There are 2 protein chains.
Amino acid sequence: MANSIEANCLLCMQQSDIFRKLNDTELHSINSCRVSIKYHQGEILFKQGSPCHDFVCITQGLVKLYIESESEKRIIIGFAKPIDYIFVPGAFTDKRHHFSAVALEETTACLVGADVFQQILEMNSSFAGAFLTKISEQAIRMFEQLSSLTHKQMPGRLADVLLCLSQKIYNANPFVTSLSRQDIADMSGMTKESAIRILKTFKDDNLIRTEGDLIELLNIPMLETISRNG
Amino acid sequence: MANSIEANCLLCMQQSDIFRKLNDTELHSINSCRVSIKYHQGEILFKQGSPCHDFVCITQGLVKLYIESESEKRIIIGFAKPIDYIFVPGAFTDKRHHFSAVALEETTACLVGADVFQQILEMNSSFAGAFLTKISEQAIRMFEQLSSLTHKQMPGRLADVLLCLSQKIYNANPFVTSLSRQDIADMSGMTKESAIRILKTFKDDNLIRTEGDLIELLNIPMLETISRNG
DNA sequence: CAAACCAGGTGACATATATCAACCAGTAAA
DNA sequence: TTTACTGGTTGATATATGTCACCTGGTTTG
């Protein structure tokens, strides 16, 4: 068992830009307090508003991150897939989660106590540097999302979402997704009905093809144009 | 002159959560390469898309930070006032600015080479920790803005903006602002006309009072209710 | 001085989008 | 088998919001 854990941590180290910066001691100290947990589809990893004790690193599966407002509406702000750790800003401020995370598929995640993680951040400056880079990328993505959601209208927003899913999340063109239409709507800031309607117009125009959970982008240049024109 | 610069840096150190973490050597190395610049109202500190060489710290005045999309529309994502340094995510990734900064009033800013700043980040872990905390707070604010802009309708969004201006930016209740109606609209994700209209309904309901550039919140509880109900 | 210009402001109108209700197919439960 | 239930889908309708055109008063500019 201890062996398989080692192997697992080493694997993460090889695959992740940021864990690569850890030395043996640090790797060991993370390893010794880390807990690996399996989540089923739909299960919550952590909930907005709850106290945050741990850093979460996804080793298998896919997780959606979303904000919920009082009005029951949700916005999906991102995803985590292997090997991503989830940046939890509350860990550095009020020790609360400011968004929720739920497994879209069978998912395994490693939990590491926030204190251990923060200690290593303090000790290892190149690790901290990689961490900063990652946070910065996320901030930039956030700007783009903000801009897309507030300035584009529905076709543009949905085109953004489809391109993002294919190119950043699934890295495949016909891709099979575990996202519901509601999830797609939550990504693009509209209602489920509207999302379905726009998807239909895209299908009618031969921009995409859908078959159950499969989505294929047939005319990417056109989708990019739609995205640009808002 | 050298003396006044010292005094200025020391002042910043006393007033800022993050610069307080610097030791004498670090303070000196920042001081020795720092440039203080005065900007007039409306002048650009840096422009979205341009290369970023420096970290910017505001020592006097007020600066608005905004994203511009191809469609000429803008979103104000925040402000910087004394003593704030501006977190430029591009400095850790692609060395480009991802938003623009423009002075709303007479403003003085200190520019420090990004390399110097990053060196100190690497050396001084408690400085880096304070930096991380600040970035995290900004990320959390971003979540709230995203949620407000996508889920609330205009009165709720404008209430958010007015409360934010009074409580976080100006820290005063009748406050005099250098923001135009267009700026207020850019903060709340609507057109200038819509912003003016909602402001008028607020005035008619005695929630606020405006007189030129002065805005007074007359019924804060009600504004908070409007904000909550979206 | 007049001319031009700008930000603030208002009204009429068009439209993007949400809401509501209903229907359907597949699947789980009884 | 029937029932309920879920997620996807569609249509009719209401409404929030943007667009456009215009007016105002103050300020700059020639």
Side-chain angles (χ1 to χ4, degrees), chain A residues 40-42 64 69 71-76 102 104-105 148-162 176-204 208-215 226-227 229-230, chain B residues 40-42 64 69 71-76 102 104-105 148-162 176-204 208-215 226-227 229-230:
Chain A
H40 298 294
Q41 183 168 18
K64 74 171 171 188
S69 51
S71 50
E72 298 292 308
K73 297 184 176 176
R74 291 171 301 161
I75 321 171
I76 293 180
V102 59
L104 285 169
E105 317 169 348
S148 170
L149 288 180
T150 54
H151 285 170
K152 295 181 185 179
Q153 38 197 73
M154 297 202 297
R157 301 201 306 260
L158 194 60
D160 281 342
V161 164
L162 292 173
V176 177
T177 180
S178 42
L179 293 168
S180 67
R181 305 297 147 132
Q182 183 63 58
D183 286 328
I184 292 177
D186 289 342
M187 286 181 75
S188 32
M190 58 184 82
T191 59
K192 184 187 55 171
E193 291 94 326
S194 292
I196 290 171
R197 260 185 264 276
I198 311 283
L199 277 176
K200 185 174 159 54
T201 69
F202 282 3
K203 275 189 272 188
D204 292 346
I208 63 169
R209 180 174 71 88
T210 71
E211 223 177 296
D213 292 338
L214 179 140
I215 300 179
I226 292 175
S227 156
N229 296 345
Chain B
H40 298 294
Q41 182 168 18
K64 74 171 170 188
S69 51
S71 49
E72 297 292 311
K73 298 184 176 180
R74 292 170 301 161
I75 321 171
I76 293 181
V102 59
L104 286 168
E105 319 168 347
S148 170
L149 288 180
T150 54
H151 285 168
K152 295 181 185 180
Q153 37 198 71
M154 298 201 296
R157 304 204 301 264
L158 194 60
D160 280 342
V161 164
L162 293 174
V176 177
T177 180
S178 42
L179 293 168
S180 68
R181 303 299 146 130
Q182 183 63 59
D183 286 328
I184 292 177
D186 289 343
M187 287 181 74
S188 32
M190 59 184 83
T191 59
K192 183 188 58 172
E193 293 92 327
S194 292
I196 291 171
R197 261 185 263 275
I198 311 283
L199 277 176
K200 185 174 159 55
T201 70
F202 283 2
K203 275 189 270 189
D204 291 346
I208 63 168
R209 181 174 71 89
T210 72
E211 223 177 297
D213 292 339
L214 178 139
I215 301 179
I226 292 174
S227 156
N229 296 345

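A, B, ... follow the sequence lines: proteins, then strands. Residue 1 opens every chain. These numbers were taken from a predicted model, which means no experiment stands behind them.
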What is the distance, rounded to the nearest whole Å, between atom [atom1] of [X] and atom [atom2] of [N]?
X	N	atom1	atom2	result
A:D213	D:dT9	CG	C1'	15 Å
A:Q182	D:dT6	CD	C1'	13 Å
A:K192	D:dT10	NZ	P	13 Å
A:L199	D:dG8	CG	P	11 Å
A:R181	D:dT10	CZ	P	10 Å
B:D183	C:dC6	CG	C1'	14 Å
A:I196	C:dA21	CD1	C1'	14 Å
A:L149	C:dA16	CG	P	18 Å

* **Under 4.0 Å protein heavy-atom contact, by nucleotide of nucleotides 11-25 of chain D - B base, S sugar-phosphate only** => BB---SSSBB-----
* Asked: Any luck finding a side-chain donor-acceptor pair between B:T201 and B:D204 under 3.5 Å?
  ->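 There is no such pair between these side chains.
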* **Separation between CG of B:L199 and CZ of B:R181, rounded to the nearest 0.5 Å** =>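 So the CG of B:L199 and the CZ of B:R181 are separated by 6.0 Å.
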* With rounding to the nearest 0.5 Å, note down the distance linking NZ in A:K203 to NZ in A:K200. =>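 A:K203 NZ to A:K200 NZ: 7.0 Å, rounded to 0.5 Å.
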* What residue among A:L162, A:I76, A:I75 forms side chain to side chain contact (heavy atoms under 4.5 Å, CB included) with A:M187? ->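 For A:M187, the side chain to side chain contact (heavy atoms under 4.5 Å, CB included) check succeeds only for A:I76.
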* Of all heavy-atom pairs between A:S178 and A:E105, which one has the smallest distance, and what is that distance? ->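 Smallest heavy-atom distance, with atoms named: OG-CG, 3.6 Å.
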Side-chain atoms of residues 149-158 of chain A: list all donor-acceptor pairs with protein atoms under 3.5 Å, sequence neighbours left out, distances to 0.1 Å.
unit_1 : atom_1 : unit_2 : atom_2 : d
A:T150 : OG1    : A:L146 : O      : 2.7
A:H151 : ND1    : B:S69  : OG     : 3.1
A:H151 : NE2    : B:R74  : O      : 3.4
A:K152 : NZ     : A:D160 : OD1    : 3.3
A:K152 : NZ     : A:D160 : OD2    : 2.8
A:K152 : NZ     : A:S227 : O      : 3.0
A:K152 : NZ     : A:S227 : OG     : 3.2
A:R157 : NE     : A:S188 : O      : 2.7
A:R157 : NH1    : A:K152 : O      : 2.9
A:R157 : NH2    : A:G189 : O      : 3.0

